[in-house]
Amino acid sequence: MTTTAKSDAASGTLRGGPQLRRVRAGGGRGAPLPLLVPALIGLAFLVVPLIALLVRAPWRSMPEQLTSAEVWQALRLSLICATAATAVSLVIGVPLAWLLARVEFRGRGLVRALVTLPLVLPPVVGGVALLTALGRNGVVGQWLDSWFGITLPFTTAGVVVAEAFVAMPFLVISVEGTLRAADPRYEEAATTLGASRFTAFRRVTLPLIAPGIAAGAVLAWARALGEFGATITFAGNFPGRTQTMPLAVYLALQSDPEAAIALSLVLLAVSVAVLAGLRDRWMTAG
């Protein structure tokens, strides 16, 4: 190798050439102890309770626990209501996320804060708020009842409303983040070619943000499936009509802890299957 070649190789290495890039790529192999220990504690904190469910599960009586009509009734109602709540969240949540991400208007920060408020609001408080707004004597509910004869509290539709209220912010946050990461020049190019803003959104934006919508929908569905506080406050706990799986678990825990563990395992299996099979795929796409 000539002197010039050696000089170029050395300068390339110092500037961040292939050798330096390889060192950087493998630089995270060893974790420092002050980070490793709390990380393992955090992992154990999240995993040990789930393992305890498996250890204490009544495996011998599991078939008998899970074949009762009440269990399948509650599971079926949970799946239907969670799916309906996710559909409602998609219909009104995606346009809301687009509004927050693409339109500049006064008070947008306040609107975003209000949209994310159900994430930190105690679910029971959310249920009380829904009763105040949509109850038979509520601010909006009294007009729904007198004008259209629609009563939402303590009905299956009330379960869907309660689950959508607590689950939709997950979808909105996910879709808004995807929209902010997407290049708006594609939409601008479509509008310059004669497409309306809605056509550009439907034909250009939606395909671009489809992974974010799918990930947000899965998160919203999982949140709706596990909703308890707002559901029991706004819709009650009536078997076959408003009793979802979380309510059935709570009811069983008071009289039959083994049945509560069995029902919890069903919810755990459904949640793990959905999140592991779908969300991880969409979150890591690209």
Side-chain angles (χ1 to χ4, degrees), residues 78-121 123 125-135 138-141 143-145 147-148 150-153 155-182 187 196-227 229-231 233-235 244 278-279 282:
S78 293
L79 296 176
I80 291 175
C81 290
T83 303
T86 304
V88 171
S89 300
L90 284 169
V91 171
I92 61 179
V94 173
L96 177 57
W98 180 87
L99 181 70
L100 294 175
R102 288 286 191 264
V103 180
E104 295 283 349
F105 59 91
R106 183 177 298 178
R108 185 170 65 168
L110 176 61
V111 173
R112 183 180 292 110
L114 293 175
V115 169
T116 57
L117 187 60
L119 292 175
V120 297
L121 194 69
V125 177
V128 174
L130 288 173
L131 275 176
T132 305
L134 302 176
V139 176
V140 179
W143 304 112
L144 290 177
D145 185 33
W147 289 356
F148 306 103
I150 297 176
T151 302
L152 292 175
T155 63
T156 303
V159 176
V160 175
V161 170
E163 291 181 350
F165 178 78
V166 299
M168 193 174 72
F170 289 89
L171 175 73
V172 173
I173 290 175
S174 177
V175 176
E176 184 189 358
T178 306
L179 280 167
R180 289 184 176 277
E187 300 175 43
S196 64
R197 296 203 70 180
F198 178 73
T199 302
F201 172 79
R202 182 171 54 88
R203 300 292 296 274
V204 178
T205 307
L206 276 182
L208 283 176
I209 65 173
I213 293 176
V218 172
L219 287 174
W221 188 87
R223 178 64 184 89
L225 186 69
E227 167 52 31
T231 302
T233 305
F234 183 64
T244 57
L278 299 179
R279 179 177 177 269
W282 281 318

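- Here the CG atom belonging to Leu219 is positioned 10.0 Å from the OG1 atom belonging to Thr86, to the nearest 0.5 angstrom.
- Glu104 CD to Leu99 CG: the interatomic distance, rounded to the nearest 0.5 Å, is 10.5 Å.
- Residues Val115 and Glu176 fail the side-chain proximity criterion, which asks for heavy atoms closer than 4.5 Å.
- Between the CG atom in Leu90 and the CE atom in Met168 there is a gap of 10.5 Å [rounded to 0.5 Å].
- A distance of 13.0 Å separates CZ of Arg180 from CD1 of Ile209, quoted to the nearest 0.5 Å.
- Legend: salt bridge (charged side-chain N to carboxylate O under 4.0 Å, His left out) pairs involving residues 204-226, not counting sequence neighbours, sorted by first then second residue: Arg223-Glu227.
- Ile213 is listed as a side-chain neighbour of Leu206, based on a closest heavy-atom distance under 4.5 Å.
- Checked against Val161 for a side chain to side chain contact (heavy atoms under 4.5 Å, CB included), the options Thr155, Thr156, Leu134 give a single hit: Leu134.
- Inter-residue side-chain proximity for Phe105 and Val111 is flagged as met; some heavy-atom pair is nearer than 4.5 Å.
- What you find for Gly93 and Val172 is that their closest heavy atoms are O-CG2, 3.8 Å.
- Here the shortest heavy-atom pairing between Thr244 and Glu163 reads CG2-OE2, 4.1 Å.
- Annotation: salt bridge (charged side-chain N to carboxylate O under 4.0 Å, His left out) contacts involving residues 206-216, sequence neighbours excluded, are absent.
- Heavy atoms only, all atoms of each residue included: Ala85 and Ala164 are closest at CB-N, 3.7 Å.
- Side-chain contact between Leu79 and Leu225 is present, with heavy atoms from C-beta onward closer than 4.5 Å.
- Taking OG1 of Thr132 as the start and CZ of Phe234 as the end, the distance is 10.0 Å to the nearest 0.5 Å.
- Without hydrogens or angle criteria, Thr233 side chain to Ala230 main chain gives no donor-acceptor distance under 3.5 Å.
- In this structure, Trp98 CH2 and Thr178 OG1 are separated by 16.0 Å, a value rounded to the nearest 0.5 Å.
- Remark: Arg203 pairs with no residue by the side chain to side chain donor-acceptor pair (under 3.5 Å) rule, at least two apart or across chains.
- Here the side chains of Leu96 and Ile92 are not in contact, with every heavy-atom distance at 4.5 Å or above.
- The two atoms that bring Leu130 and Ala162 nearest to each other are CD1-CA, 3.7 Å, heavy atoms only.
- Looking at Pro153 and Leu131, their side chains come closer than 4.5 Å, going by heavy atoms from C-beta outward.
- Residues Ile150 and Trp143 are not in side-chain contact: their nearest non-hydrogen atoms beyond the backbone lie 4.5 Å or more apart.
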